[in-house]
Amino acid sequence: MYRFVLTRQWVFLTLMALALIPAMIELGFWQYHRHEHRVAQNQLIEANLRAKPVPMTEVTSPGHGVPRADFWRAVTATGTYDTAHEVVVRMRTDNDDKVGFHVLTPLVLSDGRVVLVNRGWVPGGDDPRAYPPVPTAPTGEVTVTGRLKADETSGGSGIKDRKGLPDRQVMLINSAQQAEYLGRTVLGGYLELTAPAPSDGSPEPIADPDHDSIGPHMAYAVQWWLFAAAVPVGWVVLVRREKRERQEEAARAEASRREPATA
């Protein structure tokens with residue numbers, strides 16, 4: 001009664017089931033690795049945010065690519081803001097997902113090198129190409145504290161670096177680009193300001209990166225593995241149902257064959 005599994009229909013169904021099982025297992029491991037990556041990133045963010053701030057000059061240098069291990073590391077810098085060369089970064093959102101600008105102000109150190117400071121978010125006006133109202137940066141020598149971030153690139157951020165933008169507007173925060181614009185030596189990466197906070201709340205400080213949620217990846221992994229386990233179970237159920245239906249059909253055929261003789 002099981003010879004029907006050798007028919008074309010059942011061979012195709014069996015092969016499809018055999019292909020689905022490893023594919024679903026692999027998808028489960030893919031989601032599990034994403035879960036592990038998220039957990040490791042959360043631990044890194046928390047450790048770097050809690051670490052004692054160090055001078056930015058100790059962890060980066062001109063042309064230095066900030067490694068992932070230093071992302072969000074607490075750093076400090078002392079210098080004077082160069083507001084004449086301040087720029088705004090387009091298409092950035094605040095903590096409520098409103099679109100505006102980030103304010104990027106060069107901080108000139110005592111040795112002449114520059115640290116890029118993202119002072120926070122400001123709203124745009126009615127004309128998206130107009131330079132927005134930006135609160136003036138503190139004058140004189142200041143010491144700032146913030147989170148170390150890596151230079152932004154189109155490949156890493158997904159943001160297209162558009163040309164022909166209005167004066168003093170950019171799409172990416174990139175030390176190499178700003179070094180060319182300023183004509184100065186700029187430390188790699190940039191500082192995302194956390195202190196001192198502006199007294200009037202503008203620019204709006206950028207919130208700490210999320211390092212509490214782990215996302216749905218572990219749940220998705222378990223789902224894929226359950227689907228993989230359900231495939232052979234479903235195949236057995238279908239085979240047994242097919243066998244039962246064939247047996248019932250054979251019994252009905254036998255009963256029909258015997259009825260004339262009984263009459």
Side-chain angles (χ1 to χ4, degrees), residues 45 48-49 53 56 60 65-66 70-77 79-108 114-139 142-182 184 186-211:
I45 294 173
N48 283 351
L49 290 179
M56 188 165 170
T60 186
V66 178
D70 286 338
F71 283 13
W72 306 284
R73 186 170 182 177
V75 292
T76 62
T80 305
Y81 279 123
D82 178 10
T83 54
H85 293 94
E86 186 173 70
V87 298
V88 292
V89 190
R90 294 170 59 90
M91 303 301 294
R92 300 303 167 111
T93 56
D94 70 349
N95 301 328
D96 295 321
D97 291 331
K98 292 182 293 186
V99 179
F101 299 85
H102 280 175
V103 181
L104 190 66
T105 310
L107 183 73
V108 183
V114 171
V115 168
L116 299 178
V117 179
N118 183 350
R119 294 202 291 130
W121 180 90
V122 294
D126 296 333
D127 183 0
R129 294 185 61 84
Y131 195 85
V134 175
T136 303
T139 58
V142 295
T143 297
V144 296
T145 302
R147 299 178 286 263
L148 178 62
K149 300 292 290 291
D151 286 326
E152 295 178 346
T153 62
S154 294
S157 66
I159 302 172
K160 184 178 180 181
D161 191 13
R162 294 165 49 192
K163 305 300 182 182
L165 295 176
D167 187 38
R168 299 174 63 193
Q169 295 190 26
V170 297
M171 296 299 299
L172 299 169
I173 304 177
N174 186 282
S175 62
Q177 290 181 358
Q178 290 304 304
E180 184 178 351
Y181 168 67
L182 295 169
R184 289 177 175 268
V186 180
L187 299 186
Y190 65 96
L191 184 150
E192 197 172 74
L193 185 67
T194 57
S199 57
D200 59 354
S202 182
E204 180 182 314
I206 301 171
D208 286 347
D210 176 25
H211 57 283

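Atoms considered below: every heavy atom in the structure, side chains included; atoms not considered: hydrogens, waters and symmetry mates. Quantities reported herein were computed from a predicted structural model and do not represent experimental measurements.
- Side-chain contact between Leu107 and Val142: present, with at least one pair of heavy atoms (C-beta onward) separated by less than 4.5 Å.
- At a threshold of 4.5 Å between non-hydrogen side-chain atoms, the residues Pro132 and Pro123 do not count as touching.
- Under the side-chain contact (heavy atoms from CB on, under 4.5 Å) rule, Tyr190 has a single partner from Val115, Val66, Thr60, Leu116, which is Leu116.
- A donor-acceptor distance shorter than 3.5 angstrom exists from the side chain of Arg119 to the backbone of Pro135, with no hydrogens or angles considered.
- Checking side-chain atoms of Glu86 against main-chain N and O of Val103 turns up no donor-acceptor pair under 3.5 Å.
- Distance alone, capped at 3.5 Å, is enough to place a donor-acceptor pair between the Asn174 side chain and the Ala176 backbone.
- Counting heavy atoms from C-beta on, the side chains of Gln178 and Leu104 come closer than 4.5 Å.
- Between Val88 and Arg168, every side-chain heavy-atom pair lies at or beyond the 4.5 Å cut-off.
- Arg147 has its side chain within reach of Ile206: a pair of non-hydrogen atoms, C-beta onward, lies under 4.5 Å apart.
- With respect to Glu192 and Arg92, no salt bridge is recorded, no charged nitrogen being found less than 4.0 Å from a carboxylate O.
- A donor-acceptor contact under 3.5 angstrom links the side chains of Asp151 and Ser175, judged on distance only.
- Tyr81 has its side chain within reach of Val117: a pair of non-hydrogen atoms, C-beta onward, lies under 4.5 Å apart.
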